[in-house]
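Computation of the quantities below employed the complete heavy-atom set of this structure, encompassing side-chain atoms and omitting hydrogens, waters and symmetry-equivalent molecules. Residue numbers start at 1 and run along the sequence shown. None of the values given here were measured: they were computed from a predicted structure. One-based numbering, in listed order, for ligands and for the atoms of each.
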Amino acid sequence: MSELTELYEQIRACQKCDLAKGRTNAVPGEGPENAAIMFIGEAPGFHEDRQGRPFVGAAGQYLDELLALIGMKREQVYICNVIKCRPPQNRDPQPEELEACKAYLDRQIELIQPQVILTISRFAMARWFPGKKISDIHGKPKKFGARVILPMYHPAAALHQPSLKRVLEEDFKRVPQIIQERASLQEEAEAKHSPPQQLSMF
Ligand code: URA
């Protein structure tokens with residue numbers, strides 16, 4: 001069993017907070033173990049809780065469309081959430097729930113080692129950009145060591161607010177260039193055995 005599969009088993013058996021009591025299924029996340037791109041949403045909703053898979057409802061269908069815009073398929077990326085069990089009535093996660101779940105996401109990032117993380121929820125964004133507003137920083141990549149974090153609007157927010165749809169799609173179209181730039185930076189740094197140079201984009 002891979003370490004990631006073991007982690008999924010731990011998440012499915014987790015009783016660290018009260019969300020465990022109301023769940024049908026925990027939703028650990030899914031995607032290739034060596035995915036270069038990781039999406040981090042907020043928490044499972046109704047359909048995710050039923051199926052035990054992330055982003056399978058309306059927001060997930062839209063995420064598939066966004067990926068198609070840049071020539072990618074869901075099978076190529078890793079998709080997970082900050083919180084692994086559905087909060088009642090999809091309410092915001094509580095501080096103690098975020099705390100209980102934190103180690104699971106930390107471990108996922110450690111095992112998958114994504115090159116680029118797209119945060120697609122407020123709570124995911126807050127891990128790297130505490131106190132920032134999505135309206136100020138969406139679509140702006142920032143380097144954290146060798147990794148780039150790219151904050152994006154949540155697909156569900158864009159579905160509810162048509163003006164955000166265009167913004168999210170424009171941000172998404174820049175993703176291939178951001179991935180490409182990160183890869184060239186990394187290659188350059190490895191070739192020189194020196195710390196990566198700062199490119200204007202980051
Ligand atoms: N919204 C999220 O943030 N995550 C899901 O898995 C589904 C909807």
Side-chain angles (χ1 to χ4, degrees), residues 4 7-8 10-12 14 16-17 19-20 22-32 35 37-69 72-109 112 114 116-130 132-135 137-139 149-162 164-165 167-169 171-172 175:
L4 195 58
L7 180 67
Y8 292 169
Q10 284 172 29
I11 294 172
R12 291 192 183 107
C14 181
K16 284 201 259 174
C17 79
L19 295 182
R23 72 180 173 225
T24 315
N25 290 292
V27 182
E30 65 184 25
I37 305 176
M38 176 186 269
F39 286 84
I40 310 178
E42 179 172 315
F46 175 83
H47 295 285
E48 291 77 20
D49 171 71
R50 285 295 161 103
Q51 296 184 37
R53 298 181 56 211
F55 282 93
V56 288
Q61 279 167 24
Y62 184 43
L63 181 60
D64 288 348
E65 283 174 36
L66 290 165
L67 283 165
L69 266 185
M72 294 192 83
K73 288 193 187 320
R74 141 186 308 251
E75 295 73 34
Q76 293 173 282
V77 301
Y78 194 86
I79 306 177
C80 62
N81 287 303
V82 170
I83 292 281
K84 312 301 188 198
C85 297
R86 184 188 182 205
Q89 280 81 48
N90 300 340
R91 62 147 169 77
D92 281 354
Q94 302 297 297
E96 63 276 13
E97 296 158 1
L98 290 161
E99 187 51 38
C101 240
K102 184 174 182 299
Y104 295 134
L105 181 56
D106 288 345
R107 186 78 183 125
Q108 276 170 311
I109 295 171
I112 293 156
V116 178
I117 293 179
L118 283 90
T119 65
I120 49 173
S121 75
R122 234 176 344 130
F123 296 94
M125 181 181 80
R127 287 173 68 106
W128 289 277
F129 305 97
K132 298 277 186 205
K133 287 205 288 196
I134 186 66
S135 51
I137 65 168
H138 69 89
I149 314 293
L150 181 57
M152 297 284 216
Y153 278 106
H154 195 295
L159 286 179
H160 292 130
Q161 219 175 308
L164 287 185
K165 212 169 165 196
V167 176
L168 180 57
E169 288 172 10
D171 285 349
F172 237 84
V175 169

**Item:** Side chains of P93 and E42 in contact at under 4.5 Å (non-hydrogen atoms)
**Value:** yes
**Request:** Please say which of L66, V77, L150 ends up in a side-chain contact (heavy atoms from CB on, under 4.5 Å) with F39.
**Result:** V77
**Request:** Give the residue, atom name and distance (to 0.1 Å) of the protein heavy atom nearest atom 4 (N) of ligand 1.
**Result:** N81 OD1, 2.8 Å
**Request:** Compare E42, Q51, K84 and give the one whose heavy atom is closest to atom 3 (O) of ligand 1.
**Result:** E42
**Interfacing atoms of ligand 1 (cut-off 4.0 Å, heavy-atom, P54)** = 6 (O)
**Complete:** Judged by heavy atoms only, the candidate from R86, H154, H47, E48 nearest atom 1 (N) of ligand 1 is H154
**Message:** Tell me whether Q161 contacts the main-chain N or O of L159 through its side chain, where contact means a donor paired with an acceptor under 3.5 Å.
**Reply:** no
**Item:** Per-atom contacts, ligand 1 versus G41 - under 4.0 Å to a heavy atom
**Value:** 3 (O)
**Fill in**
atom 8 (C) of ligand 1 sits nearest the protein heavy atom F55 CE2, 3.8 Å
**Message:** Are H154 and F55, when compared by the centres of their aromatic rings, separated by less than 6.0 Å?
**Reply:** yes
**Asked** Can you say whether the rings of Y78 and Y8 are parallel (under 30°), tilted (30 to 60°) or perpendicular (over 60°)?
**Response** parallel
**S121 contact mode with ligand 1 (heavy-atom cut-off under 4.0 Å)** = neither
